[in-house]
Amino acid sequence: MNILGIETSCDETAAAVVCTTGDTARPWKCLSNVIASQFDVHREWGGVVPELASRQHVRDICGVVERALADAACAWTDIDALAVTQGPGLVGSLLVGVSFAKAAAASLGRPVIPVHHLAGHIESIWLDHGDIPLPAVVLVVSGGHTSLYEVRSRGTYRLVGRTRDDAAGEAYDKVARLLGLGYPGGPVVDRRARHGNDRAVALPRPRFTGPSRSKPHLEGMTEFSFSGLKSAAVRLLQQRMQNGPLSDAEVDDVCASFQRVVVETLVDRTFHTAAAVGAKSVGIAGGVSANSRLRADAIAYGRERGVPVFVPALSLSTDNAAMIAAAGLRRLELGEMSDLGFNADPSLKMGK
Ligand code: KG4
Ligand code: ZN
């Protein structure tokens, strides 16, 4: 079976074809994965401008889908089903993908499966690694989300923790903006951090002692907070900049120190949650999972504790449509279908 995935939730127009293999250990294979990035459109504004994003999706969607079909050596008639991001995201952006997918499905007479964006990030782990030991705890960490899900059986996601305020990616982007490193900031901070001293600048590490709001029995150790760290970094930089611009070495040090605190927090909370729910493996997905230190530290931490860690390849970490196709295949495998009555939902929820 070939499924065409479409993702337009934010500032990337993406389409991909994923097929089933019949191999139970590695049931899915990515045949193409095309992404048209809008970085150049939004860069001068320092962040995503929703109106510009939806207009650019309209311009790009046909070409991106045609390219995904061509790369997969598929004709439209080889597509057995479609999957599309229903939400969460920017409504104008989501609408472009949803309308396109519904129209294509109607004209082909094929089913279309609406998918939650975070289900896509979670399934990117299965797409890349095949089956992983269950139960698993998966950290989804991106520009809009920092959430922990427990996966007891394939395709079921139970929310066990999340950020109380900002997402980790948001904090990365804010610090990068202040340092004049451009947008999106995560990849640049990651690169600059490699040359810096991660103890040079003292930044607070978020700690909770109270019970978790979302899951009282798991206490605060399953929750995240990045707004205090973000504000501390902003204050520190604003004070320092009164004495002139930072040297390259100082920028590297700020990046390294900030990154150490973020990564330590993410790794600590994820493994704490994994131990609390008796997880046999840990997954990390979403744009920030592309971070070199997060990958290295989580894998090392897991190895010390005998818990295998699964992170998708870089091409599947940041927003892409192959993960949406994979999540669509999962829904089909679980017998979940949809008619064409669904619509884009900018605040779509997943998990309880
Ligand atoms: O999943 P994603 O592509 O889009 C959302 O669903 O939000 O994640 C984008 C986020 C941005 O905040 C970006 O700065 C961050 O992921 N990011 C990184 C890295 N690559 C992307 N953060 C830290 N290190 C990276 N290497
Ligand atoms: Zn994402």
Side-chain angles (χ1 to χ4, degrees), residues 5-14 16 33 35-39 42-43 46-48 50 53 85-90 93-94 97 115-125 138-147 149 162-163 166-179 181-194 196 198 224 226 229-230 233 255-256 258-267 283-298 311-324 326-327 346-348 350:
I6 294 174
E7 151 68 36
T8 62
S9 66
C10 189
D11 59 341
E12 256 123 22
T13 318
N33 193 12
I35 301 169
S37 164
Q38 300 181 359
F39 287 162
H42 303 288
R43 183 173 289 131
V48 178
T85 308
Q86 183 184 13
L90 301 170
S93 292
L94 290 165
V115 164
H116 193 287
H117 183 77
L118 297 191
H121 276 306
I122 293 173
E123 295 297 347
S124 70
I125 294 169
V138 178
L139 168 68
V140 184
V141 59
S142 69
H145 299 269
T146 305
S147 301
Y149 286 92
R162 67 173 154 219
T163 179
D166 298 338
E170 209 176 329
Y172 262 99
D173 293 337
K174 175 81 184 184
V175 166
R177 200 156 43 238
L178 266 165
L179 289 169
L181 299 178
Y183 168 84
V188 194
V189 173
D190 188 6
R191 222 173 310 125
R192 298 292 297 256
R194 285 177 211 156
D198 67 5
F224 303 96
F226 292 105
L229 170 64
K230 191 178 81 179
C255 290
F258 168 80
Q259 178 152 292
R260 178 177 65 80
V261 176
V262 174
V263 169
E264 280 178 2
T265 308
L266 292 173
V267 170
I284 307 181
V288 182
S289 74
N291 187 267
S292 57
R293 181 162 184 172
L294 176 58
R295 286 174 171 250
D297 285 11
V311 192
L314 288 179
S315 60
L316 297 174
S317 290
T318 44
D319 286 351
N320 66 88
M323 69 184 198
I324 301 304
S347 45
L348 187 66
M350 184 180 82

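Nothing fancy with the numbering, it's 1 onward along the sequence. Order of listing sets the numbers, starting from 1, for every ligand and every atom in it.
With 3.5 Å as the limit, one finds a donor-acceptor pair spanning the side chains of Ser317 and Arg295. With no hydrogens or angles considered, a side-chain donor-acceptor pair links Tyr172 and Asn291 at under 3.5 Å. Between the side chains of His117 and Gln86, no donor-acceptor pair of N or O atoms lies under 3.5 Å.
With a 4.0 Å cut-off on non-hydrogen atoms, Asp173 touches ligand 1 through its side chain and not its backbone. Looking at Thr318 against ligand 1, both its backbone and its side chain come within 4.0 Å, counting heavy atoms. With a 4.0 Å heavy-atom cut-off, ligand 1 is reached by no atom of Glu12. With a 4.0 Å heavy-atom cut-off, ligand 1 is reached by the side chain of His121 but not by its N, CA, C or O.
Of the candidates Pro88, Gly143, Ser124, Ser9, it is Gly143 that places a heavy atom closest to atom 10 (C) of ligand 1.
Under a 3.5 Å cut-off, the side chain of Asp190 and the backbone N or O of Gly186 do not form any donor-acceptor pair. Judged purely by atom type and a 3.5 angstrom limit, Thr146 has no side-chain atom pairing as donor or acceptor with the backbone of Arg162. Between the side chain of Asp11 and the main chain of Val48, no donor-acceptor pair closer than 3.5 Å is present. Under a 3.5 Å cut-off, the side chain of Thr85 and the backbone N or O of Gly87 do not form any donor-acceptor pair. Checked by atom type and distance alone, the side chain of Thr8 pairs as donor or acceptor with a backbone atom of Gly97 at under 3.5 Å.
Taking distance alone, with nitrogen or oxygen atoms compared against 3.5 Å, Gly169 approaches ligand 1 more closely than that limit. Looking at Ser292 next to ligand 1, no N or O pair under 3.5 Å apart turns up. The shortest N/O to N/O separation between Ser317 and ligand 1 does not fall below 3.5 Å.
Nearest protein neighbour of atom 24 (N) of ligand 1, counting heavy atoms only, is Asn291 ND2, 3.0 Å. Of the protein's non-hydrogen atoms, Gly186 CA, 3.3 Å is the one closest to atom 22 (N) of ligand 1. Atom 26 (N) of ligand 1 has Asp190 OD2, 3.0 Å as its closest protein atom, hydrogens excluded (heavy atom only). Looking at atom 15 (C) of ligand 1, its nearest protein heavy atom turns out to be Val288 CG2, 3.9 Å. Among all protein heavy atoms, the one lying closest to atom 8 (O) of ligand 1 is Gly287 CA, 3.3 Å. In terms of protein heavy-atom proximity, atom 3 (O) of ligand 1 is closest to Asp319 N, 3.0 Å.
Under 4.0 Å is where a charged nitrogen must lie from a carboxylate oxygen, and between Arg177 and Asp173 no such pair does. Comment: Lys174 does not engage Glu170 in a salt bridge, judged by the lack of any side-chain N to carboxylate O separation of less than 4.0 angstrom. A salt bridge links Arg293 to Asp198: at least one charged side-chain nitrogen sits closer than 4.0 Å to a carboxylate oxygen.
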Exercise. Would you check, one step at a time, whether the test side-chain contact (heavy atoms from CB on, under 4.5 Å) holds for Asp319 with His121?
Key: CA-CA 8 Å; Asp319 286 351; His121 276 306; 3.1 Å; yes
Quiz prompt | Derivation and outcome, side-chain contact (heavy atoms from CB on, under 4.5 Å), residues Tyr149 and Leu139 | solution = CA-CA 6 Å; Tyr149 286 92; Leu139 168 68; over 6 Å; no
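Close contacts of ligand 1 with Gly144, meaning ligand atoms under 4.0 Å from a residue heavy atom, involve 7 (O). Interface atoms of ligand 1 facing His117, defined by a heavy-atom separation under 4.0 Å, are 6 (O). The ligand atoms of ligand 1 that sit less than 4.0 angstrom from a heavy atom of Ala290 are 20 (N), 26 (N).
Protein N/O/S atoms closer than 2.8 Å to the Zn ion (ligand 2), listed by chain and residue number, are His117 NE2, His121 NE2, Asp319 OD1.
The aromatic rings of Phe226 and Phe224 lie parallel to each other, with less than 30° between the two planes, well short of the 60° mark.
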